[in-house]
Engineer: 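Before I ask anything, here is the structure I am working with.
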There are 2 protein chains.
Amino acid sequence: MFKLSKKADYGLIAVKHLAMHRQQHACSANEIAEEYGISATLMAKVLQKLAHHSLVVAKHGSSGGYQLAKEPGQISALDVISAIDGPVLITSCVTNHGNCDATERCSVKEPLRRVNESILNVLSTVTISQMSEEPHEPALVALSAPARSGSHMSST
Amino acid sequence: MFKLSKKADYGLIAVKHLAMHRQQHACSANEIAEEYGISATLMAKVLQKLAHHSLVVAKHGSSGGYQLAKEPGQISALDVISAIDGPVLITSCVTNHGNCDATERCSVKEPLRRVNESILNVLSTVTISQMSEEPHEPALVALSAPARSGSHMSST
DNA sequence: TATACTAAGACTAGAATAGTCTCATATCCA
DNA sequence: TGGATATGAGACTATTCTAGTCTTAGTATA
């Protein structure tokens, strides 16, 4: 369909949790998982991926856990999502070199590429610190930002 | 992940095709499928769904086929996508009444709802006639449009 | 009436996702 | 030093979703 994976969802929850507890000790995967009623092993996997992409730092050992690697204002929703699910591409055709088998004939490729860019733009505009604000704030969505930044696709 | 289904993709292709041939006779599912190298039965299914949602009209009998039900400028990408895949919801939490099992605790629901709205906004801005324009046009993407229209979620 | 088409929906196969389990490694503290 | 508690990594399973097929029925035209 057109849906965020649950893992990406969990990733956002975890990062937001860490953002709200960053003054304190590191949070373990167990701790976070319990708080939101999510499987602990699954949450651990998600956090591992985030650590891999340097969004969080892991601290081994007892009383270890995870902490944010950057300021919450420096982490976008796109960072988290693409760390977990890979690059955000609304169709398989829109990759740089990527070609569906009907590249020649496919007539919607280019328009969709542009739609994809707009979506990346939205996702990269939303930061974790914005997500932690109360909803009555305008918060979102600098939709008026320049459409072509082109710097997002890079992850993976 | 975060991907358009192939069926939705095919739907866009079909609608665009019909937009470009609307002066002429009705196009059969077979005809369109062949042109783009897609399974004919699958294309038929896709067109049926589009007909169901009154985006195209079906003409039975020999020399029948499909024709657009509206002007290409009146049909948005969102119309086509949600006709085929159902409403566009980036998480299962963001439905009107919809609640994940952790509604109380889930902290990302509201921010994601707002992201979802922005994406709907982008998709509803792109019309089939825009998709038929040549890429060197500015075409896309009235990103500066007001972020909160809220009128989209209704389809299905 | 025969033919060429759509309508509808059950069905199957395969891929993607969610989630589990196990073992290894690092750190802290008694 | 050794046990407890963390993460790291990757194989594994189960379930759900998607793509695609097939079959039967209905409808318009010639």
Side-chain angles (χ1 to χ4, degrees), chain A residues 1-11 13-14 18 25-34 36-67 69 81 83-92 100-102, chain B residues 1-11 13-14 18 25-34 36-67 69 81 83-86 89-92 100-102:
Chain A
M1 250 245 257
F2 208 85
K3 199 164 282 188
L4 225 50
S5 74
K6 268 195 180 179
K7 285 183 187 173
D9 211 357
Y10 294 166
I13 290 175
L18 292 177
H25 64 94
C27 301
S28 76
N30 262 306
E31 182 185 332
I32 302 177
E34 267 177 37
Y36 301 96
I38 297 169
S39 145
T41 45
L42 188 52
M43 178 55 85
K45 273 201 116 34
V46 167
L47 283 163
Q48 276 170 37
K49 279 208 171 182
L50 293 175
H52 228 232
H53 285 78
S54 308
L55 295 175
V56 304
V57 280
K59 212 175 141 192
H60 280 227
S62 58
S63 80
Y66 293 92
Q67 283 180 309
I81 293 169
I84 292 175
D85 281 343
V88 171
L89 302 168
I90 62 172
T91 72
S92 13
C100 51
D101 25 342
Chain B
M1 250 247 259
F2 207 84
K3 199 164 282 187
L4 224 52
S5 72
K6 267 196 181 180
K7 285 182 188 175
D9 212 358
Y10 293 168
I13 292 175
L18 292 177
H25 62 97
C27 301
S28 75
N30 261 305
E31 180 185 334
I32 302 177
E34 265 179 38
Y36 301 96
I38 298 168
S39 143
T41 45
L42 187 54
M43 178 54 85
K45 273 200 115 32
V46 167
L47 284 163
Q48 276 167 38
K49 279 209 170 181
L50 293 176
H52 227 233
H53 285 78
S54 309
L55 295 175
V56 303
V57 280
K59 213 174 142 194
H60 282 227
S62 58
S63 79
Y66 292 92
Q67 282 179 310
I81 293 169
I84 292 175
D85 281 343
L89 302 168
I90 63 172
T91 72
S92 13
C100 51
D101 27 342

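Everything quoted here is computed from the prediction, not taken from an experiment. So you know, we letter chains A, B, ... as the sequences are listed, proteins then strands, and number each from 1.
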Engineer: Just call it for A26(A): base, sugar-phosphate, or nothing, with non-hydrogen atoms closer than 4.0 Å on any strand.
Structural biologist: nothing
Engineer: How would you label the contact of A44(A) with the nucleic acid (heavy atoms, under 4.0 Å): base, sugar-phosphate, or nothing?
Structural biologist: nothing
Engineer: For S5(B), which residues count as a side chain to side chain donor-acceptor pair (under 3.5 Å) partner, sequence neighbours excluded?
Structural biologist: D85(B)
Engineer: Can you tell me how far apart CE (M43(A)) and CD (E34(A)) are? Round to the nearest 0.5 Å.
Structural biologist: 11.5 Å
Engineer: Quick one: CG on L55(B) to NZ on K49(B), what's the gap to the nearest 0.5 Å?
Structural biologist: 12.5 Å
Engineer: Both S39(A) and G65(B) contact DNA chain C. Taking the nearest nucleotide for each, which residue is further toward the 5' end?
Structural biologist: G65(B)
Engineer: Taking only nitrogen or oxygen atoms into account, show me every contact under 3.5 Å that the protein makes with nucleotides 12-19 of chain D, one pair per line with its distance.
Structural biologist:
{"unit_1": "dT18(D)", "atom_1": "OP1", "unit_2": "M1(A)", "atom_2": "N", "d": "2.7"}
{"unit_1": "dA19(D)", "atom_1": "OP1", "unit_2": "K6(B)", "atom_2": "N", "d": "2.4"}

Engineer: Could you tell me whether the side chain of F2(A) reaches within less than 4.5 Å of the side chain of I90(A), counting heavy atoms only?
Structural biologist: yes
Engineer: Mind listing the N/O atom pairs, protein and nucleotides 25-29 of chain D, below 3.5 Å?
Structural biologist:
{"unit_1": "dT27(D)", "atom_1": "O4'", "unit_2": "H60(B)", "atom_2": "ND1", "d": "3.2"}

Engineer: Between atom CD1 in I32(A) and atom P in dA6(D), what is the gap in whole Å?
Structural biologist: 12 Å
Engineer: Rounded to whole angstrom units, what separation is found between the CG atom of L50(A) and the C1' atom of dT7(D)?
Structural biologist: 14 Å
Engineer: Of the candidate nucleotides dT21(D), dG10(D), dA6(D), which contains the atom at the shortest distance from the side chain of K45(A)?
Structural biologist: dG10(D)
Engineer: Less than 4.5 Å apart, any side-chain heavy atom of L47(A) and any of I32(A)?
Structural biologist: yes
Engineer: Are there more than 12 heavy atoms of other residues, nucleotides or ligands under 6.0 Å from atom NE2 of H52(B)?
Structural biologist: no
Engineer: Once you round it to whole Å, what is the distance between P of dA6(D) and OH of Y66(A)?
Structural biologist: 12 Å
Engineer: Partners of S54(A) by side chain to side chain donor-acceptor pair (under 3.5 Å), sequence neighbours excluded?
Structural biologist: none
Engineer: Could you state the NE2-P distance from H53(A) to dA9(D), rounded to the nearest angstrom?
Structural biologist: 12 Å
Engineer: Can you tell me the distance, in whole Å, between the NZ atom of K49(A) and the P atom of dG8(D)?
Structural biologist: 14 Å
Engineer: Side-chain contact test, heavy atoms from C-beta onward, threshold under 4.5 Å: evaluate it for T41(A) versus K45(A) and give yes or no.
Structural biologist: no
Engineer: Distance from L50(A) atom CG to K7(A) atom NZ, nearest 0.5 Å?
Structural biologist: 12.0 Å
Engineer: List the residues meeting side chain to side chain donor-acceptor pair (under 3.5 Å) with S63(A), not counting sequence neighbours, and say none if there are none.
Structural biologist: none
Engineer: Give the first and the last nucleotide of DNA chain C, reading 5' to 3', that has any atom under 4.0 Å from a heavy atom of chain A.
Structural biologist: dA18(C) to dC28(C)
Engineer: Got a second to check how far I38(A)'s CD1 is from N30(A)'s CG, nearest 0.5 Å?
Structural biologist: 12.0 Å
